[in-house]
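To start, the structure itself, in C-alpha cells.
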Amino acid sequence: MTRSIGMLVVDGTGARVGYRKQYLGGGEGAVFTAGTGPAVIEVDGWRLGLAICKDTGVEQHAADTAALGIDVYVAGVLETAEDFDVPAERAARIARAHGVPVAIASFAGSSGEGFARAAGGSGVWAADGSLLARAGTRTGEIVQVTFA
C-alpha cells in the first residue's frame, strides 16, 4: 500500500484524494511516497491549485501548478512559531511570480511532534503579492476574503 500526505476533496459525491504532496520534508520520505504531479480542483467555476507545506517553498511546484491555469493557489501548511513569516514570504512570492491570489491555511496551536507552538497566520494574498487578510497565532482565528 502506498502512503501519501494528501488533501481530500469532500463534496456531494463523497470524499476522494484531490492531491498528494510532491515535495516531502524532514523524515517524511522514510514513511510517505511523494505525489507525482500538481493538481487542480474546480469549485463553483474557480480553478484552485493545491499545495501542502514544503510544496510552497519549491518554485517548480508553483510554476507547474500555475501552468494548469489556476485562479487561486491554495495551500495547507504547518510551521513552527519561529517560522511565522515563512508562509507569508512564500505566498507573496508565488502570487507575484504567477499573477494569482494565494490562500494559505496555517495550523495554529500545538500539534505535537516538535510543534509545541505552531505558527498560525493563515492568510490571503492578492495576485500582486500584497496581503489581503491574515489571522494571528491563536487557534480559532479565521480570515475571509471575497473574490468577484
Side-chain angles (χ1 to χ4, degrees), residues 4-26 28 32 34-148:
S4 302
I5 298 171
M7 192 176 289
L8 295 177
V9 174
V10 180
D11 60 21
T13 65
R16 66 185 184 284
V17 176
Y19 173 69
R20 288 179 170 85
K21 183 178 181 181
Q22 284 184 264
Y23 295 93
L24 303 176
E28 293 173 347
F32 300 105
T36 58
V40 172
I41 62 168
E42 192 165 315
V43 177
D44 293 335
W46 290 81
R47 291 179 55 79
L48 308 179
L50 306 179
I52 299 173
C53 214
K54 186 176 177 180
D55 292 334
T56 64
V58 178
E59 176 50 36
Q60 189 63 52
H61 181 271
D64 290 347
T65 304
L68 296 175
I70 61 173
D71 298 308
V72 183
Y73 185 91
V74 178
V77 304
L78 173 60
E79 296 287 348
T80 63
E82 294 76 25
D83 288 332
F84 178 80
D85 292 325
V86 170
E89 291 165 358
R90 291 177 178 179
R93 176 186 46 78
I94 292 165
R96 285 190 304 270
H98 302 288
V100 297
V102 175
I104 293 187
S106 180
F107 189 88
S110 173
S111 70
E113 297 295 319
F115 290 88
R117 288 185 326 118
S122 297
V124 180
W125 288 259
D128 66 1
S130 62
L131 178 65
L132 297 175
R134 191 160 191 210
T137 60
R138 295 180 305 158
T139 60
E141 294 188 33
I142 62 168
V143 297
Q144 181 176 333
V145 172
T146 302
F147 294 108

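In this text the structure is predicted, and so the values were computed from the model without any measurement.
Contact of the Q22 side chain with the P38 side chain is registered, since non-hydrogen atoms from C-beta on lie closer than 4.5 Å. Contact annotation: the side chain of Y73 never approaches that of R90 to less than 4.5 Å [non-hydrogen atoms, C-beta and beyond]. Residues E59 and H98 are in side-chain contact: their nearest non-hydrogen atoms beyond the backbone lie under 4.5 Å apart.
For S106, there are no side-chain hydrogen bond (donor to acceptor under 3.5 Å, both in side chains) partners at least two apart in sequence or on another chain. Listed by chain and residue number, nothing satisfies the salt bridge (charged side-chain N to carboxylate O under 4.0 Å, His left out) test with E89 (two or more places apart in sequence, or in another chain). Listed by chain and number, the residues in a side-chain hydrogen bond (donor to acceptor under 3.5 Å, both in side chains) with Q144 amount to none (sequence neighbours excluded). Listed by chain and residue number, T139 satisfy the side chain to side chain contact (heavy atoms under 4.5 Å, CB included) test with A108 (two or more places apart in sequence, or in another chain). Under the salt bridge (charged side-chain N to carboxylate O under 4.0 Å, His left out) criterion, R20 pairs with no residue, sequence neighbours left out. Partners of D64 under the side-chain hydrogen bond (donor to acceptor under 3.5 Å, both in side chains) rule, at least two apart in sequence or in another chain, are Q60. Partners of R16 under the salt bridge (charged side-chain N to carboxylate O under 4.0 Å, His left out) rule, at least two apart in sequence or in another chain, are D11. Partners of E42 by salt bridge (charged side-chain N to carboxylate O under 4.0 Å, His left out), not counting sequence neighbours: none found. For V43, the side chain to side chain contact (heavy atoms under 4.5 Å, CB included) criterion is met by I41, L48, not counting sequence neighbours.
Within the model, atoms CZ of F107 and CG of L78 stand 7.0 Å from one another, a figure rounded to the nearest 0.5 Å. The line from CD of E79 to CZ of R117 is 13.5 Å long, rounded to the nearest 0.5 Å.
Between V40 and G49, the shortest heavy-atom contact is CG2-CA, 4.3 Å. Nearest approach of T56 to A75, heavy atoms of both residues: CG2-CB, 3.5 Å. Shortest non-hydrogen contact noted between V143 and S122 is CG1-O, 3.9 Å. Scanning both residues, G57 and R93, for their nearest heavy atoms gives CA-NH2, 3.8 Å.
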Show which side-chain atoms of residues 127-137 pair as donor or acceptor with protein atoms under 3.5 Å away, not counting sequence neighbours.
unit_1	atom_1	unit_2	atom_2	d
D128	OD1	S130	N	2.8
D128	OD1	S130	OG	2.6
R134	NE	G121	O	2.9
R134	NH2	F84	O	2.9

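When each of V77, I5, L24 is checked for a side-chain contact (heavy atoms from CB on, under 4.5 Å) with C53, only V77 meets the rule.
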Apply side chain to side chain contact (heavy atoms under 4.5 Å, CB included) to I94 and W125, showing your working. CA-CA 9 Å; I94 292 165; W125 288 259; over 6 Å; no

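Within the structure, every pair that satisfies the side chain to side chain donor-acceptor pair (under 3.5 Å) test and touches residues 45-55, not counting sequence neighbours, is listed here: Y19-D55.
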